[in-house]
Amino acid sequence: LSTTLNTKIYGVFPLNIGSFEAIRHTITPSVSISYAPDITKDRGSFNKIFSNIEKFEFDDIYEDILLDPFYGSVVRPTSNKENLIYTFKLQNLLQTKYNDGIKIHKNDFMNLTSKTTYNAFAEELNWSPIQSNLRSGVPGASNVDISFTHDIYKLDKGRRIDEYQKVIYGIPLPAITKLSVRTTLSLFGKRLIGFENDSVKHRIPVISNENLWSANLGLTYNKQKKY
């Protein structure tokens, strides 16, 4: 069983700088709740689906093992562990609106998304690491993609342990444990066809629409906390 709640909050900020006209900020928070019952618990006649399986040879060897009638089928295996998971997600999207004199363009300038989950029935480490992704760039020119992970739990030889890294006024604070940065830069040049005179006999260069050359440069950086 699962359900999702979300909403959108908009804000538009006028921006009269060059050809830029406005910036729109969209905040999208969402909460998902997923529940999976332990269907192997004794609930009277409901558990008869596990006892109505044909007896196979050597069944006496596995008499303490629960046989799942859905195992190996297109149906998901029967849940044998109760889970109640909350998923929290927050997206911040910045979009620019600019006019190049011919038409109005709208582009995604920055997109920041963060996500974490909370397992209410877990015995320890109830919170998952906070996964965040930041994307920004100029269409056709450059792009930056930053992925980073925060965690409220300590690491011991690369493994998470059930101890908070830092607590202030009873609130555990996350610390960054992983960082990945990827950036690309696109360069190009157009062919000079010639020159022509304008109305006052100024010589104006004539540039072709096709690229004479192009190059793509990329850079990747990774950093991970191990202890």
Side-chain angles (χ1 to χ4, degrees), residues 2-32 86-117 128-151 173-225:
S2 63
T3 185
T4 301
L5 301 174
N6 61 69
T7 187
K8 288 183 181 292
I9 304 172
Y10 296 95
V12 178
F13 308 94
L15 183 67
N16 295 318
I17 300 178
S19 59
F20 290 95
E21 297 182 351
I23 293 179
R24 184 173 75 169
H25 184 195
T26 306
I27 302 176
T28 309
S30 67
V31 178
S32 299
Y86 300 89
T87 301
F88 304 93
K89 185 177 180 180
L90 180 64
Q91 180 189 35
N92 283 274
L93 177 62
L94 288 179
Q95 296 172 302
T96 59
K97 177 183 177 181
Y98 68 94
N99 191 339
D100 62 2
I102 300 177
K103 64 179 181 179
I104 296 177
H105 300 268
K106 296 180 181 179
N107 293 311
D108 294 347
F109 173 69
M110 187 186 73
N111 190 349
L112 173 61
T113 302
S114 299
K115 177 182 178 182
T116 187
T117 62
S128 71
I130 304 172
Q131 305 287 345
S132 301
N133 181 260
L134 172 64
R135 293 182 179 179
S136 180
V138 178
S142 63
N143 291 285
V144 177
D145 192 338
I146 304 176
S147 298
F148 43 97
T149 302
H150 290 79
D151 204 343
L173 299 181
I176 189 167
T177 58
K178 187 176 181 181
L179 174 66
S180 177
V181 180
R182 296 178 296 275
T183 180
T184 59
L185 176 64
S186 299
L187 303 174
F188 60 88
K190 296 185 179 296
R191 184 187 302 274
L192 176 63
I193 299 177
F195 295 88
E196 63 181 15
N197 296 328
D198 61 7
S199 58
V200 292
K201 296 185 179 180
H202 289 156
R203 292 178 62 80
I204 300 175
V206 179
I207 308 298
S208 68
N209 294 326
E210 298 180 356
N211 291 337
L212 177 63
W213 62 271
S214 63
N216 293 316
L217 304 177
L219 176 66
T220 300
Y221 172 80
N222 295 296
K223 180 70 174 180
Q224 183 171 358
K225 182 179 179 181

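The model shown is predicted, which means the values in this text are computed figures rather than measured ones.
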Checklist entry - Are more than 12 heavy atoms from other residues, nucleotides or ligands located less than 6.0 Å from atom CZ of F109? => result no
Checklist entry - What residues form a side-chain contact (heavy atoms from CB on, under 4.5 Å) with T116, not counting sequence neighbours? => result F88, W127, S128, I130
Checklist entry - Taking atom NZ of K225 and atom CG of L179, what is their separation to the nearest 0.5 Å? => result 13.5 Å
Item to check | Set of residues satisfying salt bridge (charged side-chain N to carboxylate O under 4.0 Å, His left out) with respect to R182, sequence neighbours excluded | outcome: D145
Checklist entry - Of all residues at least two apart in sequence or in a different chain, which pass the side-chain contact (heavy atoms from CB on, under 4.5 Å) check with Q224? => result K178
Next on the checklist: Using only atom types and a distance under 3.5 Å, with no angle test, would you say the side chain of S114 pairs donor to acceptor with the backbone of L90?
Outcome noted: no
Checklist entry - N222: what forms a side-chain contact (heavy atoms from CB on, under 4.5 Å) with it, not counting sequence neighbours? => result S180, T220
Next on the checklist: Test side chain to side chain contact (heavy atoms under 4.5 Å, CB included) on I104 and K97; report intermediate values, then the result.
Outcome noted: CA-CA 7 Å; I104 296 177; K97 177 183 177 181; 3.7 Å; yes
Item to check | Side-chain H-bond candidate by donor/acceptor type, T113 with N133, under 3.5 Å | outcome: no
Checklist entry - Side chains of D151 and T177: do they bring a donor and an acceptor to under 3.5 Å? => result no
Next on the checklist: Test of understanding: with side-chain contact (heavy atoms from CB on, under 4.5 Å), list the residues that count as partners of T87, not counting sequence neighbours.
Outcome noted: S32, I85, K115, T117
Validation: residues 21-28 side-chain donor-acceptor distances under 3.5 Å, sequence neighbours left out:
| from | atom 1 | to | atom 2 | distance (Å) |
| --- | --- | --- | --- | --- |
| R24 | NE | Q95 | OE1 | 3.1 |
| R24 | NH2 | Q95 | OE1 | 2.7 |
| H25 | NE2 | N92 | OD1 | 2.9 |
| T28 | OG1 | K8 | NZ | 3.3 |

Checklist entry - Got more than 12 heavy atoms from elsewhere within 6.0 Å of NZ, K190? => result yes
Next on the checklist: With rounding to the nearest 0.5 angstrom, report the CG to CZ distance, L112 to F148.
Outcome noted: 5.5 Å
Checklist entry - Roughly how far, to the nearest 0.5 Å, is the CG atom of N107 from the OG1 atom of T96? => result 5.0 Å
